[in-house]
Amino acid sequence: ASNQMWGGRFASGPAAIMEAINASIGYDRKLYAQDVRGSLAHSEMLAKTGIISADDSKKIADGLKAILKEIEDGNFAFSTKLEDIHMNIEARLAELIGPAAGRLHTARSRNDQVAVDFRLWVKDEFHRVAEALKGLIAAFVERAEEHAATVMPGFTHLQTAQPVTFGHHCLAYAEMFARDLSRVRDAIVRMDESPLGAAALAGTGFPIDRHMTAKALGFREPTRNSLDSVSDRDYALEFLSVASIAGTHLSRLAEEIVIWSTPQFGFVRLSDSFSTGSSIMPQKKNPDAAELVRAKTGRLNGHLIGLLTVMKGLPLTYSKDMQEDKEAVFDAAETLDLMLAAMTGMVRDMTVNAAAMKKAAGSGFSTATDLADWLVRELGIPFREAHHVTGRAVALAEEKKVGLEKLTLEDLKSIHEGITADIFSVLSVQNSVKSRQSFGGTAPAEVRRQVRYWKKRLAKA
Ligand code: ARG
């Protein structure tokens, strides 16, 4: 049989394989609610502008609402023959209300229809991600408040660098996820325009009111260029890039959790609800959720590159290639939602082993910089020279197999005669972090100040 939508020009129907490669109903059925919403707004506008009768518009609206209910109740028969969600719904509408259904598509094309549906969906997802990010940031702010003075080693090159506080480390992640949140918000502002009424590509001769449909659908305004309206997918690319960047942050955090939860580090213990055991080794507690967050970031990156590659060679305006935008975005959205939820759970639930952190913070001569700074401050030695003197102290401590704070005053005097007992006050990790009160530094007082800042900011976010 020939196609019921464009059968006029066709003598025979498509090959089965054509139908299989063409159909998107398997995944774009996810857009059913947006499709009904878009059609309701369109049909109401068509009636208001006198393009169709109020009576037909009423029939269309009733039919669409009945279809929405059928889909939500699981009573809708989706058909691959009808290709996509738009034609599935329209065909069912014709069954339900007869010829009036044929008037819904006046002054509209599937090109602007799919563009408006997808924008509505991506916009909702952006809002979901924003909420999830806020939850994750709040979790970090809580852990930071609790651990403003918990000392841990700070690393560069994953080598012990200087002592920091765990609260400070938590707030580093609050910063990253807050930038992701601001990227989400920026993207929403850019995409908040309705493409409905661009029609196939050139606009329409019917006296439609695009401002009316834009408003009805909750968009700030209609898009300004009909060609761009049906060929643009950069809001989807922005979603995927925001997802990839947030994924990168989540993955680095996941990697730290994997390292921290090893028996060798022992900085944190994941709750039973966010870890798994081994089927053979009874002692094991594995950070599977963190590992999967790390792995799923690869999937997000893949989707971004995938859609960039789909779009890069397309001439204006619509090409069927663009149908491939949906699976990438749907899967990335589902993946990111899950990653954010799992990470928020892990961060909220994990037990922090402050003693293990403190012990590690004092190893690896982590206060060497404090020693050098003391030489600069108290003896007026240029920093470069102080660096050398301190290096000799580290070498001596290494030789004696003790920490810097366990060197005797005689040991230290043998390295530089100006050194006094006062130097021991800067060699403890506690005093080291306490001294770093510069704006944005790791001192507990500064971390507490930042916690107050975040609480205020989150209350407004
Ligand atoms: N299923 C199509 C898509 O997802 C809808 C638009 C079809 N438009 C067209 N001119 N064939 O892109």
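In listed order, ligands and their atoms are each counted from 1. The structure presented is a predicted model; accordingly, all values stated were derived computationally and were not measured. For the numbers below, each heavy atom of this structure counts, side chains included, while hydrogens, waters and symmetry mates do not.
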For this session: Considering the heavy atoms of S24, write down every atom of ligand 1 situated less than 4.0 Å from one of them.
Result: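 Contacts of ligand 1 toward S24, numbered from 1: 1 (N).
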Exercise. Which is it for I245 and D180 under the side chain to side chain contact (heavy atoms under 4.5 Å, CB included) test, yes or no, and what are the steps along the way?
Worked result: CA-CA 7 Å; I245 296 173; D180 293 331; 3.6 Å; yes
For this session: Can you label the angle between the F177 ring and the F140 ring as parallel, tilted or perpendicular, going by 30° and 60°?
Result: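 Answer is parallel, since the angle falls under 30°.
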For this session: Evaluate the ring planes of W121 and F118, with Trp represented by its six-membered ring, and classify them as parallel (under 30°), tilted (30 to 60°) or perpendicular (over 60°).
Result: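 If you compare the ring of W121 with that of F118, the planes turn out parallel.
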For this session: Salt-bridge test for D209 and K48: reply yes if a basic N is under 4.0 Å from a carboxylate O, no otherwise.
Result: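 No.
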For this session: Could you tell me whether R128 and E125 have a side-chain N and a carboxylate O separated by less than 4.0 Å?
Result: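 Counted as a salt bridge, because a side-chain N and a carboxylate O are separated by less than 4.0 Å.
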What protein heavy atom is closest to [atom], reported as residue, atom name and distance in Å?
atom                    : answer
atom 11 (N) of ligand 1 : R110 NH2, 3.6 Å
atom 5 (C) of ligand 1  : D84 OD2, 3.4 Å
atom 3 (C) of ligand 1  : Y318 OH, 3.3 Å
atom 10 (N) of ligand 1 : N111 OD1, 2.9 Å
atom 4 (O) of ligand 1  : K326 NZ, 2.6 Å

Problem set entry | Criterion side chain to side chain contact (heavy atoms under 4.5 Å, CB included) on L314 and S231, from CA distance to verdict | CA-CA 9 Å; L314 300 184; S231 68; over 6 Å; no
Exercise. For atom 1 (N) of ligand 1, which candidate among K320, Q323, Q113 holds the nearest heavy atom?
Worked result: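 Answer by nearest heavy atom: Q323.
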